[in-house]
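For reference, the structure discussed in these notes is given below.
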Protein chains: 2
Amino acid sequence: MGLTKTEIFTSEQNQLATLLKAIAHPARIAILQQIISTNACICGDLVDELGLAQATISQHLKELKNVGIIQGTIEGVKVCYCIAPSTWAMLELLLGNFLGSYKNPKSCC
Amino acid sequence: MGLTKTEIFTSEQNQLATLLKAIAHPARIAILQQIISTNACICGDLVDELGLAQATISQHLKELKNVGIIQGTIEGVKVCYCIAPSTWAMLELLLGNFLGSYKNPKSCC
DNA sequence: TTTCTGTATCGTAATATTACGATAAATATA
DNA sequence: TATATTTATCGTAATATTACGATACAGAAA
């Protein structure tokens with residue numbers, strides 16, 4: 001137990017859940033907001049911006065990278081991260097389908 | 001450790017993360033889709049529809065209820081669940097702000 | 001009242017997540 | 001070459017999540 005039973009769900013449900021889980025943490029939301037706002041990519045400035053240890057930030061970046069939401073390129077000693085457009089678009093698509101399926105109707109209860 | 005440092009993030013970041021975390025599981029996505037599609041509310045039919053034990057479904061419903069995404073009313077022996085419109089709207093708003101802030105530009109790396 | 005039905009809760013095992021210090025690895029600079 | 005800078009990884013402690021059997025609880029039906 002303690003293990004999500006992915007095999008009983010559709011790949012779309014699993015995919016959306018995986019992407020959402022990657023975003024469902026305030027630190028990772030903050031990281032993404034930083035990457036977006038400094039539209040040029042950001043590096044380890046994140047450690048200064050947020051109040052988390054360098055190892056923790058690196059771990060969060062790894063999670064975002066693993067699901068493909070961000071991508072990084074090495075620039076000398078530093079690493080430059082940015083949003084991966086295709087995954088971002090996929091997230092918007094899946095979420096749009098999901099959220100849009102609820103047509104705010106007669107709330108029945 | 002092992003405890004998210006919510007105090008260093010904005011309430012908006014924390015709120016969005018909390019809502020997303022509630023949704024970021026395939027079983028809870030499936031539950032919400034069932035509730036939405038049978039626009040009349042659904043009860044413990046969820047146990048038949050999904051392949052999870054009754055205790056597990058009840059636990060997932062509790063999580064969705066705790067963050068206010070669904071609401072339930074007792075109907076005799078059964079319980080009728082439906083989407084809570086205001087929380088759903090809040091989620092759409094916060095997510096729209098967040099996802100919309102990325103303007104798919106010159107992916108810099 | 002007794003019994004059945006639907007749901008919630010308790011307890012628990014397996015696993016995952018979060019955070020961080022310490023350290024390694026890689027590149028730049030002196 | 002030696003040293004500093006930046007990032008990744010390892011190890012680990014604290015906590016959270018997922019799933020389920022067992023059981024409790026409440027209302028309906030017999």
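Naming convention: chains lettered A, B, ... in sequence-line order (proteins, then strands); numbering from 1 in each chain.
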Residues at least two apart in sequence or cross-chain that pass side chain to side chain donor-acceptor pair (under 3.5 Å) with A/Thr10, listed by chain then number, are A/Gln13

Toward the 5' end of DNA chain D, by each residue's nearest nucleotide, A/Lys78 or B/His25: A/Lys78

Using the closest heavy atom to pick a nucleotide of DNA chain D for each, name whichever of A/Lys5 or A/Val79 lands nearer the 5' end. A/Val79

D/dT17 C1' sits how many Å from A/Leu3 CG, rounded? 11 Å

What residues 53-61 of chain B contributes to the DNA chain D interface at heavy-atom separation below 4.0 Å is B/Ala53, B/Ala55, B/Thr56, B/Gln59, B/His60

B/Leu52 CG to D/dG21 C1', straight-line distance once rounded to whole Å: 14 Å

Could you tell me whether the phosphate oxygens of D/dT17, OP1 or OP2, come under 4.0 Å of any side-chain nitrogen or oxygen in B/Lys21? yes

Nucleotides 26-30 of chain C: which of its N/O atoms have a protein N/O under 3.5 Å away?
none

Is a side-chain donor or acceptor of A/Ser58 paired with a backbone partner of A/Gln54 at a separation under 3.5 angstrom? no

Is there a continuous path of hydrophobic side-chain contacts, each under 4.5 Å between heavy atoms, that joins B/Val77 to B/Tyr81? no

Whole-Å distance between D/dT18 P and B/Lys62 NZ? 14 Å

Give a yes or no on whether the backbone of B/Leu52 and the side-chain of B/Thr56 come within a donor-acceptor separation of less than 3.5 Å. no

A/Glu63 or B/Lys65, whichever maps to the more 5' nucleotide of DNA chain C: B/Lys65

Just how far, in rounded Å, is C1' of C/dT17 from CG of B/Leu20? 16 Å

For a quick test of reading the model: is some side-chain N or O of A/Tyr81 closer than 4.0 Å to OP1 or OP2 of D/dT6? no

Rounded to the nearest 0.5 Å, what separation is found between the CG atom of B/Leu19 and the CG atom of B/Leu94? 6.5 Å

In whole angstroms, how far is the P atom of D/dT6 from the CG atom of A/Asp48? 9 Å

Using whole Å, what does the distance between atom C1' of nucleotide D/dT18 and atom CZ of A/Phe9 come to? 11 Å

Distance check needed: C/dC20 P versus A/Leu50 CG, whole Å only. 11 Å

Look at atom CG of B/Leu93 and say whether more than 12 heavy atoms of other residues, nucleotides or ligands are closer to it than 6.0 Å. yes

So how far is it from A/Tyr102 OH to B/Leu32 CG, rounded to the nearest 0.5 Å? 11.0 Å

Which atom names give the shortest non-hydrogen contact between A/Ile29 and B/Ala17, and what distance separates them? CD1-N, 3.7 Å

Could you state the CG-P distance from A/Leu64 to D/dT7, rounded to the nearest angstrom? 16 Å

For the pair A/Arg28 (side chain) and A/Glu63 (backbone), establish whether a donor and an acceptor sit closer than 3.5 Å, ignoring hydrogens and angles. no

